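From a predicted model like this one, the values you see are computed outputs, not experimental measurements. Because only heavy atoms are used, hydrogens play no part in the values below, and waters and symmetry mates are left out as well, while side chains stay in.
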Amino acid sequence: MSILTGTASWTDPTLLACGRFYPPDVRTPEARLRYYASQFKLVEVDATYYRLPDGRTAHAWATRTPDNFVFHAKAFRLFTGHPAPVRDLPADIQRELDVSPTVFYHQLPAELQRELWQRFLVGLEPLRMAGKLRAIHFQFAPWIQRNPRGTALLHECERHMQEHLMAVEFRHRSWFENASASAWTLDLLRDAGMVHTVVDAPQGFNNTVPAVWASTHPELAVLRLHGRNTAAWNNTSGASSGRFQYEYSPEELADLAQRLKRLAEQVRSAHAVLNTNYQDQGMRNAAGLAAALRIHQ
């Protein structure tokens, strides 16, 4: 059993601007990743949500980190039910489209869907070949519900992920709205060989789910922490990281550590990803959780 903690992103603009995590002489992309990897053994790549990954960049990530360092890569936005600006797609694919400035996955011809999947996975191949791509994280859009359309999208992703471990994060309450729905959803993930992502986030909204402390895959359990800032949860103004401004208290971290340790006993490894990316809160929260886990061994 092993438990790793880390953050979602290591180069958020507010993190770089605050100047508290990276030493003054750590200024280049290479130096930042090397320094980050000296503090944590896990990171989530969020850039792959916005644009298809580049193999040269993925190779650089692999070579700049120690052998025992691992990555989660966030799935490209089109695969998880989100729209994407056409300008963010590869130029040759843009030329094949005659649509509005944004596009959804279901609006693409089947051959372009296959091409996007192939390029996404090929772009991450250097990480996989280095043994450092632990999971691909699918954070489904908040309007993806527990219904035939939602499960069809889930299985569409499964079809392309045969060689990769797929971690799933739902963001519509229907997936876990009661005990029956929760059991159904966990069975679905278990049967499909997908990793259930335990979510710690503000409650009381349609676009959030409760923390369901259960595992669905023997290899990995994932805890993804968004903070508990209810007032900012659906605030769309300003930097996106502003929605996740939150510093967990020692008491909250102690409780999370105990729950995570119990979950980790069911799997080979457990990963906690802090998505509290405002300034250096993610790093402080991840370090605090790691310390709480050591205290509660």
Find out whether Arg95 and Pro90 are in side-chain contact, i.e. whether some heavy atom of one side chain is under 4.5 Å from a heavy atom of the other. no
Value for CZ (Arg87) from OG1 (Thr102), rounded to nearest 0.5 Å, stands at 9.5 Å
Can you check whether Asn207's main-chain N or O pairs, donor with acceptor, with Trp143's side chain at less than 3.5 Å?
no
Between Gln279 and Arg20, do the side chains contain an N or O donor and an N or O acceptor separated by less than 3.5 Å?
yes
So, does Arg32 use its side chain to make a donor-acceptor pair with the main chain of Arg27 at under 3.5 Å?
yes
Would you confirm whether Gln245, through its side chain, and Tyr278, through its main-chain N or O, come within 3.5 Å as a donor-acceptor pair? no
query: Between the side chains of Thr276 and Asn285, does any donor sit under 3.5 Å from an acceptor?
result: yes
Item to complete: Look only at the side chain of Asn147 and the backbone of Gly150, and say whether a donor-acceptor pair between them is shorter than 3.5 Å.
Response: yes
Which of Thr208, Asn206, Asn178 passes side chain to side chain donor-acceptor pair (under 3.5 Å) with Arg173? It is Asn206
- Query: Between Ser174 and Arg146, is there a donor-acceptor pair closer than 3.5 Å when you use the side chain of the first and the backbone of the second?
  - Reply: yes
*Cation over ring face, Lys74 and Tyr49, 6.0 Å, 45°*: yes
**OP:** Look at the rings of Trp117 and His160 and say which category their plane angle falls in: under 30° parallel, 30 to 60° tilted, over 60° perpendicular.
**Re:** parallel
(message) Is a donor from one side chain sitting under 3.5 angstrom from an acceptor on the other, for Thr14 and Asp12?
(response) yes
Okay, side chain of Gln113, backbone of Pro109: is any donor-acceptor separation there less than 3.5 Å?
-> no
I'd like to know whether NE2 of His59 has more than 12 heavy-atom contacts from other residues, nucleotides or ligands below 6.0 angstrom.
no
Check your understanding: Any salt bridge between Glu156 and Arg159, counting N to O under 4.0 Å?
Key -> yes
message = Is any side-chain heavy atom of Met161 closer than 4.5 Å to one of Met194?
response = no
side-chain contact (heavy atoms from CB on, under 4.5 Å) with Val198: of Leu225, Val212, Leu263, Leu260, only one passes, and it is Leu263
Between Thr151 (side chain only) and Pro148 (backbone N and O only), is there a donor and an acceptor less than 3.5 Å apart? yes
Decide whether Leu42 and Ile136 are clustered together by the hydrophobic rule: side chain heavy atoms of Ile, Leu, Val, Met, Phe, Trp, Tyr closer than 4.5 Å, transitively.
-> no
Check your understanding: Are any of the side-chain heavy atoms of Leu154 and Leu189 separated by less than 4.5 Å?
Key -> yes
So, Ser215 versus Gln266: side-chain donor-acceptor pair below 3.5 Å or not? yes
Regarding His137 and Glu169, is there a side-chain donor-to-acceptor distance under 3.5 Å anywhere? yes
Closest non-hydrogen atoms of Ala58 and Pro126, given as atom of the first, atom of the second and distance, are C-CB, 4.0 Å
- Flag the pair Leu124 / Phe71 as yes when at least one side-chain heavy-atom distance between them is below 4.5 Å, and no otherwise. no
Output, in order, the C-alpha distance, side-chain angles, deciding distance and verdict of side-chain contact (heavy atoms from CB on, under 4.5 Å) for Trp175 and Ile144. CA-CA 9 Å; Trp175 295 94; Ile144 302 301; 4.3 Å; yes
- Residue pair Thr7 / Tyr36, side-chain donor-acceptor N/O under 3.5 Å: yes
Worksheet entry | Check: Arg268 and Leu220 side chains under 4.5 Å, non-hydrogen atoms | no
- Is a salt bridge present between Asp92 and Arg119, judged by a nitrogen-to-oxygen distance below 4.0 Å? yes
Using ring centroids (six-membered ring only for Trp), state whether Phe244 and Tyr246 fall under 6.0 Å. no
- Thr5 (side chain) donor-acceptor with Ala286 (main chain) under 3.5 angstrom: yes
Q. Heavy atoms, side chains only, cut-off 4.5 Å: are Val267 and His217 in contact?
A. no
The side-chain contact (heavy atoms from CB on, under 4.5 Å) partner of Phe76 among Thr48, Asp88, Leu89 is Leu89
Review point. Does a side-chain heavy-atom distance below 4.5 Å link Leu15 with Tyr22?
Key: yes
* State, yes or no, whether a side-chain contact exists between Tyr248 and Leu274 at a heavy-atom distance under 4.5 Å. => yes
Can you confirm if the aromatic rings of Phe120 and Phe79 lie within a centre distance of less than 6.0 Å?
yes
- Task: Output yes when a side-chain donor or acceptor of Lys132 lies under 3.5 Å from a complementary backbone atom of Thr65, and no otherwise.
- Result: yes
*asked:* If only side-chain N and O atoms count, and only distance matters, is there a donor-acceptor pair under 3.5 Å linking Glu30 with Tyr35?
replied: no
Which of Phe176, Phe138, Phe170 passes ring-ring contact (aromatic ring centres under 6.0 Å, His included) with His196? Answer is Phe176
Under 3.5 Å, side chain of Gln107 to main-chain N/O of Phe104, donor-acceptor pair present?
yes
Thinking salt bridges, do Asp200 and Arg224 make one under a 4.0 Å N-O criterion?
no
Taking only Lys NZ, Arg NE, NH1 and NH2, and the carboxylate oxygens of Asp or Glu, determine whether Glu44 and Arg134 approach each other closer than 4.0 Å. no
Across all chains, not counting sequence neighbours, the side chain to side chain donor-acceptor pair (under 3.5 Å) partners of His82 are Thr80, Arg171
